[in-house]
Amino acid sequence: MRALVGLCAAALLGCGGGGGDDASGAAQRGGTFRATFDEPVYEVSGVEGTPPTFWAEVALAVTGEAATEGVYLFATVDDAILLDVEGHFSTGGMLNLGITLRGDLAPGDYSGEIVLRACLDEACTRLPQGGPARVPIQYRVLPNIAVQPQLLLNRQGREAAPSAVVPVTVPAEAGAVEMQVSNPWLSAISVQFDGTALRVSTQQVPAGVYTSTVTLRSPSDPRYARSVDIRYAVAPPAAGEQVLSVANPHRYMSYRQGVTDVQRIVVTRPTWTDVWDAPLIHNNDSGIVTLSSTPDGHYEAAINTAGVPPGSYYPSIRFSAGPTGGPPAFVSFNIVVNDAFHVDGATGSMLTATSTSADIEWSNAVLTFDGVPARWTAVSQSPLLQVVNGSGVTGADPLRVRLDPSVISQPEWSHSLPLTLSIDRPGTLPQTIQYTVSNLIPMLHTASPSTLVGSSGRVYIEGNFRNFYGDPLASNRLRVEGATLAGGRLVADTRYIGDVLVLQLDLTGAVPGQPVRVHVDSALQPSQVELRVQEPLRTAAAFQALPYGVHRPGQYAPGLGAFYFSRPGLAYRWQIGSGSLTQAHVTGLVDMAPSPDERHVYALTSSQLLALHPQTFAPQSTRGVVDWQGASLTFSPAADRMRGLSISADGRALASLLVSPSQPPYNVGTVCVMPSSRAPRTLMDSPRSCDPGSALGGAHGATPSGTLRSANGSVVVGVNPEGRRSSYRADQRHWTSHAPLPSGVTIVAVSDSGTRLVRSDGMLITEDGSVLGSLAGVVPFTHRVGGYGLSSGGRFGLVYGYQTTGAGAAERASAASLWIIDLNSVGWTGAGGAPVVATLSLPSAVGCTVAFVEGETCEHTASVSVAPGDGTAFVMGPRGVAALGLPASVTSAQPQSSRVGARSLGSGTGAQAVSSTGSRGRVRLPMP
């Protein structure tokens, strides 16, 4: 069956117009049509303003041509109640008509009908039999919420903000009604609903049009809904609209303390509101600003600096006109309060070696800035500052103060000494005047060494020094008594930014037995250090037998007249003249060395630095040592034939370290006391690593490192058996790394200049590692080489050797000798005669002299060192220590220059030398 539904309202669309109960002249033929509605009457209920929709289901029956060709269906409804009609066929062949009735009808009852007709053609000229089908509609319209749809409000300028009450009638069927507001202008329009009316209020806002939509809706029946459009128009005043503003919002002023002033503030208020807030003052803790209104509607800011301390003040005043008055306006002040009076002239002093008593007194004029005289009063707030005259008149009587003399002896480098000064003037506060003193007077504390050996030498003096003004040499206030000052300078540790200084002096012309005094001739703080002067030690040959053991290289302390050495856990003191040997057990002893002033013997354990009595070794003080991060330092036993502790000529301690967990874990480093005040200091005050940061001595390795000291401590070498080598020079105060040594080779001797060194294999080398020759060939083939040494100046080489007799357990060392070689002799060569100055016989070999203990053999190694002044050599071995006086030619030789020290041992003819026993000999000195 072909079917088409056309939906019409009041007229037949596409049917040629019209329609009625019959064909109206059209031929009644072509089959039959019958339509049956699912309801006999459609009763529809709606709410005013809400178009209701209902569905009618129609069963259709057609025969004949209407069934075979199909029909056109047309539905009509009375347009007095109809809004829209639509239709479609369901899957079961039923016609469903959706009918929407008008929602704009007034409350009441309405009727109409649905008429459904069929046509055989689209023009509806041919109709099937059966006529149209009709069904009545009963439509009841219920009243909706009653409220006016629009509300218009108007105002101009500062007129009062309008308001309105809009009545609302809510049908009982609607139930409780809710209000929703769409309002982008919350600050302009506000609406409240109390169930019977909308209460609309507005604010005084700037000119413009503000809108809001209010919707009343039943949550239980959405058909009950009404909207009200609110329009709020604000016109500007006739003269135009003005926003809130202030004239001159940023004000910069400067006053003397005690001055008053008034600042007028002109305020332009917003032209759309008459709301005005009380102004607020911010950042006004000092109370410097107060505010008052004027009759013309503006303000005055009173500024009063009486009793206000000098400084800068930043108060601000906030003006606002309520919530709709726009952004607030501010007046910000930058007020500078200056002193009403001042002191004229310097109030600080820097004391130097040339300062006199006049430099610790001040006379300052007291002046008022306005020139008006006032009486002043001064009171010192420091016991170190004395007021000479406590009162006077400004412009007439100067303030006079002086330092208490005890200031100069205070440990601080600088002082700030306050004084309270006031004038008799209302509103003016007292001032605190700071008198400052920097004490840069150079002061001498201790000398290293404290004993000068021979007529000349280099001395390092610890004290209070600063570059420029704190330099006693620059001020020409350094004086030497008992010797001639040949040269001097301040030596800085350049690894530090500040002044870490020691005074280096070269002295000549000293007389043994007569002290040398070094003075700083300062009128305010004179100081001096005294040095003993001794002849070089030249002892008769002596020997001290020792139990078998590994003994560290020793050091002779001329002021104490003793040779100090150690082995693990044992400290030794050998008094050569008397032949007495003192020993003491020191738990955990790593090594020890005499202090520069020879008042103590410094000793190291694995974790502590000890000061021992120089005669008895009784502990006098104990300190832990920390690194640059405050962590404790750990000291390690030194490498074989090396020292675990060496004291440099400038007084610093150089030690072998275990720096685990660093890799490699062993190194050497510097221990000292960093100056923190002018107070005298020793290494035991607060010892710490003075290698800045993580930098150490550069002699690191997987096995313990060690140090070796030159005769006078001018150079200390750091060596690790893996070959890494560095040196610490007292005249440079820092470590310098050098070319590495062959693995397993160490340094056994170094000159005071650091330019000549002897390796453990007998090779003489320069500082950069260049080989100059071998000392091993000095020893005849009948002897074994046991050790090497150098004179302090590096001119003479010392070689220890010995013969052996017997075999196996009966083998013994004998005929031990010390060969002295002139390394500056121009004719020596490996092919000719060796330049032997003397061959000295030892009273006994220093090893292999008695029955062996387990692990001992006859072959032994000795350390060879010289006492300051090159008068005596010490040979230290596993079974004893020997002392030998050196020839006068060695003692009187001057230290080599750096040029000579760098000189290679070139070719030439050999030289003969007479030994101390008078015999002659010629030996080969092979070149490398």
Side-chain angles (χ1 to χ4, degrees), residues 47-51 103-104 106 143-171 174 176-219 222-247 249 266-280 297-298 318-331:
V47 176
E48 178 186 13
T50 305
D104 57 351
N144 206 334
I145 301 169
V147 63
Q148 69 184 60
Q150 289 185 334
L151 175 64
L152 302 179
L153 300 171
N154 299 278
R155 63 176 284 272
Q156 182 180 23
R158 290 199 182 100
E159 292 178 356
S163 61
V165 177
V166 180
V168 177
T169 301
V170 179
V177 173
E178 296 177 347
M179 179 184 72
Q180 296 177 344
V181 180
S182 174
N183 184 8
W185 308 100
L186 293 175
S187 61
I189 303 171
S190 62
V191 183
Q192 293 181 336
F193 175 56
D194 60 5
T196 62
L198 294 174
R199 303 186 182 277
V200 182
S201 60
T202 62
Q203 300 291 328
Q204 292 178 311
V205 292
V209 175
Y210 306 86
T211 60
S212 179
T213 298
V214 179
T215 300
L216 298 175
R217 188 184 310 276
S218 169
R223 297 178 301 169
Y224 291 92
R226 283 290 194 227
S227 295
V228 179
D229 293 324
I230 302 173
R231 184 178 186 274
Y232 177 29
V234 180
E241 196 165 71
Q242 297 289 333
V243 299
L244 173 61
S245 63
V246 293
V266 176
V267 180
T268 299
R269 304 189 185 191
T271 54
W272 60 83
T273 179
D274 54 10
V275 176
W276 188 246
D277 301 324
L280 299 175
H298 299 297
R318 180 183 188 273
F319 298 95
S320 59
T324 64
F330 293 87
V331 174

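Only this structure's heavy atoms are used, side chains among them; waters, hydrogens and symmetry mates stay out. What you see is a predicted model; the values in this text were computed from it and never measured.
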Visitor: Step by step, work out the side-chain contact (heavy atoms from CB on, under 4.5 Å) result for Val168 and Leu216.
Guide: CA-CA 9 Å; Val168 177; Leu216 298 175; 3.6 Å; yes

Visitor: Is Arg226 reaching over with its side chain to a backbone N or O of Val147, donor-acceptor style, under 3.5 angstrom?
Guide: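 No; judged by distance alone, with no hydrogens or angles, the pair does not exist.
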
Visitor: Is there a donor-acceptor pair closer than 3.5 Å between any side-chain N or O of Tyr232 and the backbone N or O of Gln203?
Guide: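 A pair under 3.5 Å: yes.
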
Visitor: Give the intermediate values and the outcome of side-chain hydrogen bond (donor to acceptor under 3.5 Å, both in side chains) for residues Ser227 and Thr215.
Guide: CA-CA 4 Å; Ser227 295; Thr215 300; 3.2 Å; yes

Visitor: Hey, does Pro270 have a side-chain heavy atom less than 4.5 Å from the side chain of Val243?
Guide: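 A side-chain contact is absent here, since even the closest heavy-atom pair is not under 4.5 Å.
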
Visitor: Taking Gly325's backbone N and O only, do any of them form a donor-acceptor pair with Thr273's side chain (distance below 3.5 Å, no angle check)?
Guide: no

Visitor: Enter the distance from Thr268:OG1 to Leu244:CG here, rounded to the nearest 0.5 Å.
Guide: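 Answer for the OG1-CG pair, Thr268 versus Leu244, is 8.0 Å.
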
Visitor: Quick check: closest heavy atoms across Ala174 and Val170, and the distance to 0.1 Å?
Guide: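 Heavy atoms only, the tightest pair is CB-CG1, 3.9 Å.
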
Visitor: So how far is it from Ser320 OG to Asp277 CG, rounded to the nearest 0.5 Å?
Guide: 3.5 Å

Visitor: Nearest 0.5 Å, please: how far is CG in Leu153 from OH in Tyr210?
Guide: 13.5 Å

Visitor: Please check this pair: side chain of Thr213 against backbone of Ser182, looking for a donor-acceptor N/O pair closer than 3.5 Å.
Guide: no

Visitor: List the steps, then state whether side-chain contact (heavy atoms from CB on, under 4.5 Å) holds for Leu198 with Gln192.
Guide: CA-CA 6 Å; Leu198 294 174; Gln192 293 181 336; over 6 Å; no

Visitor: Validate the cation-pi geometry between Arg269 and Trp276: distance from NZ or CZ to the six-membered ring centre under 6.0 Å, angle to the ring axis within 45°.
Guide: yes

Visitor: With a 3.5 Å distance limit and no angle check, can you tell me whether Gln204 reaches the backbone of Glu159 through a side-chain donor-acceptor pair?
Guide: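 Between the backbone of Glu159 and the side chain of Gln204 there is a qualifying donor-acceptor contact (under 3.5 Å).
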
Visitor: When you look at CD of Gln156, are more than 12 heavy atoms from neighbouring residues, nucleotides or ligands closer to it than 6.0 Å?
Guide: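 Check passes, neighbour count above 12.
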
Visitor: To the nearest 0.5 Å, what is the distance between OH on Tyr224 and CZ on Arg217?
Guide: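 Rounded to the nearest 0.5 Å, the OH-CZ separation comes out at 14.5 Å.
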
Visitor: Nearest 0.5 Å please: distance from the CG atom of Leu152 over to the CD1 atom of Ile230.
Guide: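 Taking CG in Leu152 and CD1 in Ile230, the distance rounds to 10.0 Å.
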
Visitor: Taking the side chain as everything from C-beta on, heavy atoms only, tell me whether Thr169 gets closer than 4.5 Å to Ile145.
Guide: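 Result no, sub-4.5 Å side-chain heavy-atom pair not found.
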
Visitor: Salt bridge between Glu48 and Arg223, side-chain N to carboxylate O under 4.0 Å?
Guide: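 Judged by the 4.0 Å cut-off on N to carboxylate O distance, Glu48 and Arg223 do not form a salt bridge.
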
Visitor: Please check: side-chain N/O of Asp104 versus main-chain N/O of Gly49, any donor-acceptor pairing under 3.5 Å?
Guide: no

Visitor: Quick one: does any side-chain atom of Arg155 pair with a main-chain N or O of Val205 as donor and acceptor, under 3.5 Å?
Guide: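 Yes; judged by distance alone, with no hydrogens or angles, the pair exists.
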
Visitor: How long is the span from the CD atom in Gln242 to the OG1 atom in Thr271, to the nearest 0.5 Å?
Guide: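 Gln242 atom CD to Thr271 atom OG1 measures 6.5 Å (nearest 0.5 Å).
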
Visitor: Could you verify whether a donor N or O on one side chain and an acceptor N or O on the other, from Ser201 and Arg199, lie under 3.5 Å apart?
Guide: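 Not at all, the side chains of Ser201 and Arg199 share no donor-acceptor pair under 3.5 Å.
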
